[in-house]
Amino acid sequence: MTTCRLCGSTDLAGVVDLGATPPCERILTREQLDEPEVTYPLHLRVCTSCWLAQIPPLITPEDTFTDYAYFSSYSASWVEHARSFVAGLDLRPDSFVVEVASNDGYLLRHVVDRGARCLGIEPSVNVGQAARERGVPTVTAFLTPDSAREVVREHGRADYVVANNVYAHIPDVIGFTEGLRTLVADDGWVSVEVQHLLTLMQLNQYDTIYHEHFQYYTVASAQRALAGGGLTLVDVELLTTHGGSIRLWARPSGTPSQRVSDVLAMEKAAGLHEISGYIDFTERVARVRRDLLGFLVGAAEEGSTVVGYGAPGKGNTLLNHCGIRPDLLTYTVDRNPYKHGKFTPGARIPIFGPERIAADRPDYVLVLPWNLRDELVDQLSYIRDWGGRLVFPIPTLEVV
């Protein structure tokens, strides 16, 4: 990577180099275990002109999202987050809501329940079909200016356009934003949720760096990206989802709120608008790796069993960066049956259904989707019956 994809500057500084890993969503079948895996560099850099953190676009969205392994509805807390969001919208009988990267209809199903018109735009054939089976109208497409114009020709402009956890997944930031602007009515709202680089840096959340996340936003860089596509950032909310996210409210025109100024000031105070805020991240990442490996090696030496919970994309960054293999983590489990009987990319750790934990009664369960901590502490409370303990690797190692 030689130039910033947002502003074109050549002033890119390294933040952390995680080596080379396979794409995190390329779950392996048993037959593929004897085949080679392609790995790609995972080196996060920040542009010192616009402060967009980014990795090179070494894979394309088409590589990842045509057939996708992630179904949002398997997370109860995420479905509730979506329900609460929809409940807060000012929906009228004639309102029209469009969600980009609508996945399996986890959010728009609540719009359907409220009797408003909606449409999902989802590139993954398999999860889009799941949405349609739930009664959520969904078209199979990537958002581009052209596809947005096609949606508008057929359905009209939207009062609300929602883009949750997709703004990091698109290498053509400006083109995607232009698509959002095309979809929304002149008096409408665009809501974008994306992980906040501030919490990623402060809480050592380096496992959220993977190849399908092309960029990592501060409010400062997001404000510039939205403006590049014709949208004005008018408000921002700080969320706890995904370990710390921002909800960006944008419109075709408007004035930024005091909350926008406040979060920009927080970022500046943390050093994220200058290179000083990034220089010690590599050492903090190394500490996470050393602590986790030390725990797993110690558990193996004392004869304790350790299994994983979850097979998320972030977990694959962690497993591969740490060099964890089945001798240290026997297997992991996941609620998504799409992944059962398969293996994590790179680390090649078997994936089973969640019932395997109760059957095997392991000593420790390593929680890979640590961002769902509250939900999973409740779901996994039964492991106390045999003295099992949960292990959280991020932001620092914690055994509970």
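Nothing fancy with the numbering, it's 1 onward along the sequence.
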If every non-hydrogen atom of [X] is compared with every non-hydrogen atom of [Y], which pair is closest and at what distance?
X      : Y      : answer
Gly254 : Thr232 : O-CG2, 3.4 Å
Ile246 : Leu239 : C-CD1, 4.5 Å
Ser276 : Glu274 : OG-OE2, 2.7 Å
Val15  : Thr282 : O-OG1, 3.1 Å
Val365 : Leu380 : CG1-CD1, 4.4 Å
Leu248 : Ala222 : CD1-CB, 3.6 Å

Side-chain contact test, heavy atoms from C-beta onward, threshold under 4.5 Å: evaluate it for [X] versus [Y] and give yes or no.
X      : Y      : answer
Leu44  : Tyr216 : yes
Ile349 : Leu319 : yes
Pro57  : Arg5   : yes
Leu318 : Asn316 : no
Phe96  : Arg157 : no

For this session: Kindly indicate, with the supporting measurements, whether the criterion salt bridge (Lys or Arg N to Asp or Glu O under 4.0 Å) is fulfilled by Glu355 and Arg335.
Result: CA-CA 9 Å; Glu355 65 279 359; Arg335 293 180 65 188; over 6 Å; no
Exercise. So His211 and Glu25, side chain to side chain donor-acceptor pair (under 3.5 Å) or not? Walk me through it.
Worked result: CA-CA 9 Å; His211 297 102; Glu25 292 294 344; over 6 Å; no
Using 0.5 Å steps for rounding, measure from the [atom1] atom of [X] to the [atom2] atom of [Y].
X      : Y      : atom1 : atom2 : result
Thr218 : Trp51  : OG1   : CH2   : 9.5 Å
Gln223 : Leu231 : CD    : CG    : 12.0 Å
Tyr160 : Leu183 : OH    : CG    : 16.0 Å

Going by an N to O cut-off under 4.0 Å, is there a salt bridge joining [X] and [Y]?
X      : Y      : result
Asp94  : Arg92  : yes
Asp104 : Arg134 : yes
Asp360 : Arg356 : yes
Arg181 : Asp186 : yes
Glu212 : Arg26  : no
Glu37  : Arg348 : yes

Expected output: side-chain Gln54 to main-chain Leu52 donor-acceptor under 3.5 Å: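 Present.
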Checklist entry - If only atom types and distance count, is the side chain of Ser124 paired as donor or acceptor with the main-chain N or O of Val127 below 3.5 Å? => result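 Not a single qualifying donor-acceptor pair exists.
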**Request:** Could you check Gln215 against His169 for side chain to side chain donor-acceptor pair (under 3.5 Å), going step by step and ending with a plain yes or no?
**Result:** CA-CA 7 Å; Gln215 51 266 339; His169 294 72; over 6 Å; no
Scan side-chain atoms only and decide if Ser245 and Gln195 contain a donor-acceptor pair under the 3.5 Å cut-off.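 Side-chain D/A pair, Ser245 to Gln195: absent.
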Next on the checklist: Does the plane of the ring in Phe85 sit parallel, tilted or perpendicular to the ring in Trp249? Use 30° and 60° as the thresholds.
Outcome noted: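 Parallel: the ring planes of Phe85 and Trp249 meet at under 30°.
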For the residue pair Tyr217 and Tyr167, categorise the inter-ring angle as parallel (less than 30°), tilted (30 to 60°) or perpendicular (more than 60°).
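Ring orientation, 0 to 90° scale: parallel.
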**Request:** Apply salt bridge (Lys or Arg N to Asp or Glu O under 4.0 Å) to the pair Glu80 and Arg83, showing each step before the final yes or no.
**Result:** CA-CA 5 Å; Glu80 173 56 26; Arg83 187 206 63 77; 2.7 Å; yes
ILVMFWY network linking Val288 to Leu203, side-chain heavy atoms under 4.5 angstrom
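No, Val288 and Leu203 fall in different hydrophobic clusters.
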message = I'd like to know if Phe343 and Tyr331 are part of one continuous hydrophobic network [Ile/Leu/Val/Met/Phe/Trp/Tyr, side-chain heavy atoms within less than 4.5 Å].
response =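 They do not share one cluster, since no chain of ILVMFWY contacts under 4.5 Å joins Tyr331 to Phe343.
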Inset, instruction - Go through the steps to decide whether Cys4 and Leu12 satisfy the test side chain to side chain contact (heavy atoms under 4.5 Å, CB included), and finish with yes or no. - result: CA-CA 7 Å; Cys4 172; Leu12 301 177; 4.0 Å; yes
Which residues satisfy the salt bridge (charged side-chain N to carboxylate O under 4.0 Å, His left out) test with Asp146, sequence neighbours excluded?
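Checked Asp146 against salt bridge (charged side-chain N to carboxylate O under 4.0 Å, His left out); matches are Arg149.
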Task: Criterion side chain to side chain contact (heavy atoms under 4.5 Å, CB included) against Leu143, the qualifying member of Asp172, Val98, Leu180 - done: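 The passing option is Leu180.
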Open item on the list: Does atom CZ (Arg153) have a neighbourhood of more than 12 heavy atoms from anything else shown, all under 6.0 Å?
Closed with: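 Yes, enclosed.
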For this session: Output every pair passing ring pair (Phe, Tyr, Trp, His ring centres under 6.0 Å) with a member in residues 287-311, not counting sequence neighbours, ordered by first then second residue.
Result: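 Sorted result for residues 287-311: Phe295-Tyr364.
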Ring centroid separation for His242 and Trp78, is it under 6.0 angstrom?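 Yes: the rings meet the under 6.0 Å criterion.
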As a quick check of understanding, evaluate side chain to side chain donor-acceptor pair (under 3.5 Å) for Trp386 and Asp363, giving each step before the final call. CA-CA 8 Å; Trp386 63 83; Asp363 299 299; over 6 Å; no
